[in-house]
Trainee: 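I am attaching a structure below and will ask some questions about it afterwards.
To find a chain, count down the sequence lines: A is the first, B the second, and so on, and within it residues start at 1.
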Amino acid sequence: MDLLKDLNTQQKQAITADLGPVLVLAGPGSGKTRVLTHRVAHLIDQLGVRPYHLMAVTFTNKASKEMGERVARLIGRQTHGLTLGTFHATCARILRMEAEHLPVNSNYVIFDADDQIKVVKQVIKDQNLDDKRYRPQDIHGSISAAKNELYLPEDFPIGTYRDEVVVRIYEDYQKMLLASNAMDFDDLLLWMAILLKDNPVIREKYARRFEHILVDEFQDTNMAQYTLLKYLASYHHNIFVVGDADQSIYRWRGADYRNVMRFRRDFPQAQVILLEQNYRSTQTILDVAMSVIDHNTNRTPKRLFTERGTGQRILIKELYDEREQAQYIVDTIVKQVASKQANPGDFAVMYRTNAQSRLLEEAFLSANIPYKLVGAQRFYGRREIKDIVAYLRLVFNIDDEIGLMRVIKTPPRGIGIKTYAQLRAQAQKANISPGALLLDLAKEEESEHFSQFTSRSAKPLSRFGRLLAKWQTERDTLPPVEIMEHILEDIDYRNYIEDGGEEGKDRWDNVMELRRLASEYQTIGLQQFLEDVALVSDQDTLDKDAEAPTLLTLHAAKGLEFAKVFIVGVNDGVIPHKRSFEDPEAMEEERRLFYVGITRAKDCLYLSHVLNRYVYGNTEYGEPSRYYSDIPADLKEDAQQNYQQQRKSQIFRPWQKKSAPAAKSKPIEAQYKPGMSVEHPKWGNGLILGSKIQDDDEIVNIFFKDVGAKKVIASLANLEIIRK
DNA sequence: ATGGACAATGTTTTT
DNA sequence: CATTGTCCAT
């Protein structure tokens with residue numbers, strides 16, 4: 001197969017670039033994924049590099065999987081031995097192999113965001129600190145930021161008294177993690193960097209092994225990642241990175257787009273290749289994107305161009321509130337699908353915050369339209385899933401104190417806070433983990449610790465210890481799914497969560513879904529299952545084949561593309577988010593985020609904002625986003641005017657209700673029935689979808705051929721019934 | 001020890 | 001408003 005078929009000059013240049021450091025600056029839609037996969041294929045196929053000597057890092061597991069498949073297709077065989085994955089997953093794997101050089105053993109578990117907060121809370125409690133003054137979330141943020149900058153507690157730059165407190169918490173936090181034989185997300189990178197830094201033998205081993213290193217989304221690497229890349233590339237210097245500083249959207253997570261500049265400085269001999277031609281969007285969409293991003297300072301201006309033609313203008317729409325906005329989205333999709341202009345899967349709806357998905361989901365649900373929601377948190381964040389995963393984690397690693405804290409009280413088994421405190425204290429005295437002590441207590445009188453407990457607490461503890469011990473003996477012999485089944489049975493979990501009701505049933509369904517997932521790990525094993533569960537990313541849950549609109553955050557949209565994109569809530573304070581207002585750097589990132597969203601669209605872009613936003617229950621007036629004024633008038637369709645004309649017939653306007661002439665002859669019954677045809681003075685013929693009585697007037701939902709579904713007030717709209 | 005009722009409190013983005 | 005924590009009765 002000709003690897004260079006259908007590629008432009010720059011792409012070919014990148015793929016066949018000489019060895020040594022290469023920096024590919026790739027605009028959105030410029031085929032960077034193609035360049036990466038072809039480069040890997042080129043190295044293996046043309047230069048005879050063994051996959052074992054290759055490392056490719058992507059941003060999501062999904063991207064890795066796709067890359068593996070595409071490379072295999074290109075070279076016509078499997079790529080065994082290739083190191084391919086996210087930074088976190090790749091580090092997790094290597095650290096497990098090198099555990100003897102680390103303060104954990106190879107059975108370590110990975111603490112998720114919740115676990116991390118729980119550890120901070122525990123430490124704050126143990127140190128008798130005020131959790132109002134030192135909010136666990138904030139403290140954890142500081143610790144995480146420090147780790148991303150490769151600061152251990154002793155390196156932490158202290159400026160204020162608060163910093164001193166943070167350092168003390170950081171120290172104990174780290175102790176608690178290690179005592180639990182656990183790492184958090186940041187540790188995976190941190191320990192990897194430390195391992196390579198402090199251990200020349202190991203460093204050399206991996207630096208020699210990875211003859212070629214390829215990195216996707218390089219603009220979103222943080223200091224820890226950058227540093228470990230430098231160590232890994234220190235022998236062969238064949239590091240091929242692809243990125244776009246304009247798409248850097250993870251600053252708050254320690255990512256630093258300046259790593260792109262740093263790369264040029266640290267590898268002055270690097271070849272720099274620019275990919276500017278866009279194969280995704282219409283020129284109009286690219287022009288809109290550029291008009292937005294051009295306002296950022298500190299960037300190399302890029303000229304995005306396409307051969308796809310001008311395309312249609314983007315559409316800006318103002319809606320009364322978020323409910324109406326959701327309805328507008330659904331109506332637009334329904335209309336286009338019904339008229340065969342588009343397939344449901346062509347659409348994506350993007351928003352700034354996860355909370356915004358709620359009303360959208362409701363609208364889709366009530367319109368009976370299936371949709372895809374991107375967000376791992378949706379599934380793995382559920383209580384029942386976390387419960388069962390915690391059990392499995394504890395069985396895998398008995399020292400996992402956070403996991404133990406969770407499972408020891410779910411379901412309740414007569415072990416409360418006090419008993420747990422006793423257990424913890426005794427464990428500390430005996431210098432073992434609480435979990436290990438439980439295993440010992442399983443032996444009852446045989447255990448030297450048994451007598452330390454009052455009989456009321458000793459019994460439940462030993463009973464639970466026996467369960468743990470039993471599951472543990474199965475750990476190395478049975479597949480994960482069977483261990484899980486035994487646990488579910490032994491704790492009668494179904495009975496615990498299914499206390500009648502619809503919700504309990506859903507929960508059990510989720511558990512069954514987890515069981516299905518676990519059953520795929522028959523041969524791969526519990527360790528991999530737990531690792532994958534800990535490191536799933538939101539995008540990983542996206543089912544590309546399902547033919548339905550996709551709902552996702554702007555962040556989750558990175559790297560994806562859709563024919564038709566809605567960006568909702570384009571209000572000032574949302575996009576850009578108000579939390580970024582005072583920080584110029586954060587404001588630039590808001591702009592990049594918007595830019596990322598815009599450039600996901602291939603053909604159509606719909607921006608919408610609302611007049612009234614619900615913020616903590618009460619409504620607030622919403623201003624359109626300041627970004628609108630950056631978009632040249634000839635690129636946008638002025639749906640604004642459109643709105644001005646129709647605003648008289650808009651419903652749900654509290655202030656209008658008062659001034660609207662109360663219809664004397666109250667229509668107590670609806671005049672308009674679904675299925676009727678009517679004529680509207682402005683919008684022409686329409687089909688009645690529904691009608692309801694509200695505030696002494698009839699509100700009619702009509703579907704018009706040209707403008708889609710509209711709700712009008714019967715007494716104001718001058719409707720004429722054409723056909724009953 | 002447990003579970004329910006109320007109060008407080010906080011809302012960006014996620015590997 | 002929706003989640004999370006705290007207090008109180010059993």
Trainee: Of the nucleotides dT13(B), dT15(B), dT9(B), which one has an atom closest to the side chain of Phe185(A)?
Mentor: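 Nearest to the side-chain atoms of Phe185(A), counting from C-beta on, is dT15(B).
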Trainee: Quick one: which of dG10(B), dT15(B), dT13(B) gets closest to the side chain of Arg253(A)?
Mentor: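 Comparing dG10(B), dT15(B), dT13(B) against the side chain of Arg253(A), the answer is dT15(B).
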Trainee: Arg135(A) has an atom CZ; how far is it from atom P of dA8(B), in whole Å?
Mentor: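 Those two atoms, CZ and P, are 17 Å apart.
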Trainee: State whether a side-chain donor-acceptor pair under 3.5 Å links Asp540(A) with Asn61(A).
Mentor: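 Judged by distance alone, the side chains do pair up.
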Trainee: Taking atom P of dT14(B) as reference, at what distance in whole Å does atom CD of Glu217(A) sit?
Mentor: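 Roughly 15 Å, once rounded to whole Å.
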Trainee: Counting neighbours of OH on Tyr614(A) that are heavy atoms of other residues, nucleotides or ligands and sit closer than 6.0 Å, is the number greater than 12?
Mentor: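 Count not over threshold, so no.
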Trainee: Give the nucleotide from the list dT14(B), dT15(B), dG5(C) with an atom nearest to the side chain of Lys121(A).
Mentor: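 For Lys121(A), the side-chain atoms sit closest to dG5(C).
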Trainee: Identify the residue among Tyr627(A), Tyr628(A), Tyr351(A) that makes a ring pair (Phe, Tyr, Trp, His ring centres under 6.0 Å) with Phe594(A).
Mentor: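 So the option named by the test is Tyr627(A).
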Trainee: Once you round it to whole Å, what is the distance between C1' of dC1(C) and CD of Gln356(A)?
Mentor: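 That distance rounds to 15 Å.
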Trainee: Without decimals, in angstroms, what is the distance between Lys578(A) NZ and dG10(B) P?
Mentor: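 Atom-to-atom, Lys578(A) to dG10(B), this comes out as 14 Å.
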Trainee: What is the separation between atom CG on Asn148(A) and atom C1' on dT14(B), rounded to the nearest whole Å?
Mentor: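 Value for this atom pair: 12 Å.
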Trainee: Grab the CZ-P distance between Arg383(A) and dA2(C) for me, whole Å please.
Mentor: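 For the pair Arg383(A) CZ and dA2(C) P, the rounded distance is 16 Å.
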Trainee: Does Thr60(A) make a side-chain N or O approach to OP1 or OP2 of dT15(B) shorter than 4.0 Å?
Mentor: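 Answer is no, no contact under 4.0 Å.
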Trainee: Would you indicate whether Arg299(A), at its atom CZ, is surrounded by more than 12 heavy atoms from other residues, nucleotides or ligands within a distance under 6.0 Å?
Mentor: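 Count over threshold, so yes.
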Trainee: Which of the following nucleotides, dT15(B), dT13(B), dG10(B), is nearest to the side chain of Thr553(A)?
Mentor: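 Ranking dT15(B), dT13(B), dG10(B) by closest atom to the Thr553(A) side chain puts dT13(B) first.
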Trainee: Would you say Asp400(A)'s side chain and Ser180(A)'s backbone share a donor-acceptor pair under 3.5 angstrom?
Mentor: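 Flag not set: sc Asp400(A) to bb Ser180(A) has no pair under 3.5 Å.
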Trainee: Would Phe87(A) pass as stacked on dT15(B), i.e. its ring centre under 5.5 Å from the base's six-membered ring centre and planes under 30° apart?
Mentor: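 Not stacked: fails the 5.5 Å / 30° test.
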Trainee: Tabulate protein N/O versus nucleotide N/O from nucleotides 1-4 of chain B, keeping only pairs under 3.5 Å, one per line.
Mentor:
from, atom 1, to, atom 2, distance (Å)
dA1(B), OP2, Gly416(A), N, 3.3
dA1(B), OP2, Ile417(A), N, 3.3
dT2(B), OP1, Arg413(A), N, 3.3
dT2(B), OP1, Gly414(A), N, 2.6
dT2(B), OP2, Ile415(A), O, 3.4

Trainee: Please report the C-alpha distance between Tyr493(A) and Tyr496(A) in whole Å, then the side-chain angles of each, then the deciding distance to 0.1 Å, and finally whether the ring-ring contact (aromatic ring centres under 6.0 Å, His included) criterion is met.
Mentor: CA-CA 5 Å; Tyr493(A) 193 71; Tyr496(A) 168 65; 5.7 Å; yes
Trainee: Does Arg251(A) reach a base, just sugar-phosphate, or nothing at all? Heavy atoms under 4.0 Å.
Mentor: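 Result for Arg251(A) = nothing.
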Trainee: CD of Gln116(A) versus P of dT14(B): gap in Å, rounded?
Mentor: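 So the CD-P distance, Gln116(A) to dT14(B), works out to 15 Å.
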Trainee: Of the candidate nucleotides dG10(B), dT9(B), dT14(B), which contains the atom at the shortest distance from the side chain of Asn354(A)?
Mentor: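 Looking only at heavy atoms from C-beta outward on Asn354(A), the closest nucleotide is dT14(B).
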Trainee: Nearest-Å distance, CG (Asp131(A)) to C1' (dT4(C))?
Mentor: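 Checked: the CG to C1' distance equals 12 Å.
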Trainee: Ignoring the backbone of His555(A), work out which of dT13(B), dA2(C), dT15(B) is nearest its side chain.
Mentor: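 Nucleotide nearest to His555(A)'s side chain: dT13(B).
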Trainee: Give a yes or no on whether Arg262(A) atom CZ has more than 12 heavy-atom contacts from other residues, nucleotides or ligands under 6.0 Å away.
Mentor: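 Counting neighbours around CZ of Arg262(A), more than 12 heavy atoms of other residues, nucleotides or ligands fall under 6.0 Å, so yes.
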Trainee: Is Asn571(A) reaching over with its side chain to a backbone N or O of Val574(A), donor-acceptor style, under 3.5 angstrom?
Mentor: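 Not a single qualifying donor-acceptor pair exists.
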Trainee: Would you mind telling me which residue lines up with the more 5' stretch of DNA chain B, Glu589(A) or Lys132(A), judged by nearest nucleotide?
Mentor: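 Whichever sits nearer the 5' end wins; that is Lys132(A).
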